[in-house]
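Structure first, commentary second.
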Amino acid sequence: MRHPTDFYPTPHSIIASLLHNLNWENINAWEPCAGDGRFANAIQQCYNVNVLSHDINNGYDFFEWEVARRPDIITNPPFKCIRQFIDHAFHIGVRRMALICPERLWACQKGYEQKQRHNPSRFINLTWREDYLNKGGSPDRALAISIWDRPHSVHTSYEVWDRPG
Ligand SMILES: C[S@@+](CC[C@H](N)C(=O)[O-])C[C@H]1O[C@@H](n2cnc3c(N)ncnc32)[C@H](O)[C@@H]1O
């Protein structure tokens with residue numbers, strides 16, 4: 001059964017890879033779906049910056065924010081509402097965003113339409129899979145990463161990252 005609030009902590013290998021390759025300057029980060037805090041802690045350690053963290057389990061529903069608390073979101077949001085999450089983030093003024101996402105986020109009609117509104121700067125497939133759903137055995141789903149250097153880019157650069165050594 002799926003967790004009611006999609007509490008599936010991000011595998012450390014994927015966090016490390018994202019932070020290593022992000023290339024943003026002057027990060028002012030918000031982790032609005034922080035879960036156990038592992039992503040926020042890693043951002044803090046990697047860039048030596050303070051990170052603002054919230055989660056619905058601490059009483060902060062992302063969809064209730066009317067103004068972005070910080071300009072840069074870095075998170076793994078609940079996939080069951082990831083499209084609303086993307087639209088809402090830019091609606092409330094987020095300027096840059098890096099999201100863990102399903103590998104087929106853009107490969108469907110709704111994805112196509114959302115890409116017209118908020119085309120990401122980068123889309124990344126990963127060469128490895130992690131059992132982030134804790135199902136046991138070989139993971140059948142791959143995670144990917146979408147990065148917006150601004151709310152809408154003219155072009156999306158496609159990348160494939162290998163597992164960090
Ligand atoms: C896939 S988990 C990822 C947790 C963490 N970001 C990480 O990378 O390990 C998604 C998180 O989103 C939180 N969440 C779900 N719906 C939310 C909402 N409407 N507003 C804020 N947080 C929410 C869940 O409680 C859960 O901690």
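Atoms within each ligand, like the ligands themselves, are counted from 1 in listed order.
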Checklist entry - Can you hop from Tyr112 to Leu99 via hydrophobic side chains spaced under 4.5 Å? => result no
Checklist entry - Is Phe7 linked to Tyr60 within one hydrophobic cluster, defined over Ile, Leu, Val, Met, Phe, Trp and Tyr using a side-chain heavy-atom separation of less than 4.5 Å? => result no
Next on the checklist: Which of the numbered atoms in ligand 1 are under 4.0 angstrom from any heavy atom belonging to Tyr60?
Outcome noted: 20 (N), 21 (C)
Checklist entry - So, do Trp30 and Ile74 sit near enough that their side-chain heavy atoms are less than 4.5 Å apart? => result no
Item to check | Residue and atom name of the nearest protein heavy atom (relative to atom 25 (O) of ligand 1), distance in Å to one decimal | outcome: Asp55 OD1, 2.7 Å
Checklist outcome for this item: Counting from 1 in the order shown, the ligand 1 atoms closer than 4.0 Å to a non-hydrogen atom of Thr75 are 6 (N)
Item to check | Contact check, His3 vs ligand 1, heavy-atom distance below 4.0 Å | outcome: no
Next on the checklist: According to salt bridge (Lys or Arg N to Asp or Glu O under 4.0 Å), does anything in residues 65-80 pair up with another residue at least two apart or in another chain? List the pairs.
Outcome noted: Asp72-Arg96
Checklist entry - Looking at side-chain heavy atoms only, is the closest gap between Arg141 and Arg104 below 4.5 Å? => result no
Checklist entry - With only distance considered, is Ile56 within less than 3.5 Å of ligand 1 through an N or O on each side? => result yes
Checklist entry - What is the closest protein heavy atom to atom 16 (N) of ligand 1, and at what distance does it sit? => result Pro78 CG, 3.5 Å
Item to check | atom 24 (C) of ligand 1: the protein heavy-atom neighbour that sits closest, reported with distance to 0.1 Å | outcome: Thr5 O, 3.1 Å
Checklist entry - Using a distance-only test with no angle check, is there a side-chain donor-acceptor pair under 3.5 angstrom linking Asn119 and Thr156? => result yes
Next on the checklist: Return the closest protein heavy atom for atom 3 (C) of ligand 1 as residue, atom name and distance.
Outcome noted: Asn76 O, 3.2 Å
Item to check | Which of the ligand 1 atoms, numbered from 1, are nearer than 4.0 Å to a heavy atom of Tyr8 | outcome: 1 (C), 2 (S), 3 (C)
Checklist entry - Any idea which protein heavy atom is nearest atom 12 (O) of ligand 1, and the distance to it? => result Cys33 CB, 3.3 Å
Next on the checklist: With heavy-atom distances below 4.0 Å as the criterion, list the atoms of ligand 1 near Asn57.
Outcome noted: 25 (O)
Checklist entry - Which class fits the ring pair His88 and Phe62: parallel under 30°, tilted 30 to 60°, perpendicular over 60°? => result perpendicular
Checklist entry - Are Val51 and Ile92 connected, step by step, through hydrophobic side chains (Ile, Leu, Val, Met, Phe, Trp, Tyr) whose heavy atoms are closer than 4.5 Å? => result yes
Checklist outcome for this item: atom 19 (N) of ligand 1: closest protein heavy atom, distance to 0.1 Å, is Asp61 OD1, 2.9 Å
Next on the checklist: For ligand 1, which is the ligand I care about here, please tell me if Arg38 has any N or O atom under 3.5 Å from one of the ligand's N or O atoms.
Outcome noted: no
Checklist entry - Side chains of Tyr8 and Asn76: is there a donor and an acceptor less than 3.5 Å apart? => result no
Checklist entry - For Trp24 and Asp149, does a side-chain donor sit closer than 3.5 Å to a side-chain acceptor? => result yes
Next on the checklist: List ligand 1 atoms under 4.0 Å from Ala34, heavy atoms only on the residue side.
Outcome noted: 5 (C)
Checklist entry - Hey, which atoms in ligand 1 end up nearer than 4.0 Å to a heavy atom of Phe62? => result 18 (C), 19 (N), 20 (N), 21 (C)
Checklist outcome for this item: Counting heavy atoms under 4.0 Å, the part of Pro32 that contacts ligand 1 is backbone
Checklist entry - Stepwise, does the side-chain hydrogen bond (donor to acceptor under 3.5 Å, both in side chains) test hold for Glu31 with Ser53? => result CA-CA 5 Å; Glu31 218 299 21; Ser53 298; over 6 Å; no
Item to check | Atoms of ligand 1 close to Phe63 [distance to a heavy atom under 4.0 angstrom, numbered from 1] | outcome: 19 (N)
Checklist entry - So, Asn50 versus Gln44: side-chain donor-acceptor pair below 3.5 Å or not? => result no
Checklist entry - Which residue holds the protein heavy atom closest to atom 9 (O) of ligand 1, what is that atom called, and what is the gap in Å? => result Thr10 N, 3.0 Å
Checklist entry - Taking only heavy atoms of Glu31, which atoms of ligand 1 are found under 4.0 Å from at least one of them? => result 5 (C), 6 (N)
Checklist entry - Which is it for His54 and ligand 1 at heavy atoms under 4.0 Å: side chain, backbone, both or neither? => result neither
Item to check | side-chain hydrogen bond (donor to acceptor under 3.5 Å, both in side chains) evaluation trace for Thr127 with Trp161 | outcome: CA-CA 6 Å; Thr127 58; Trp161 295 349; over 6 Å; no
Checklist outcome for this item: When distances are taken from atom 2 (S) of ligand 1, the protein heavy atom at minimum range is Asp6 O, 3.0 Å
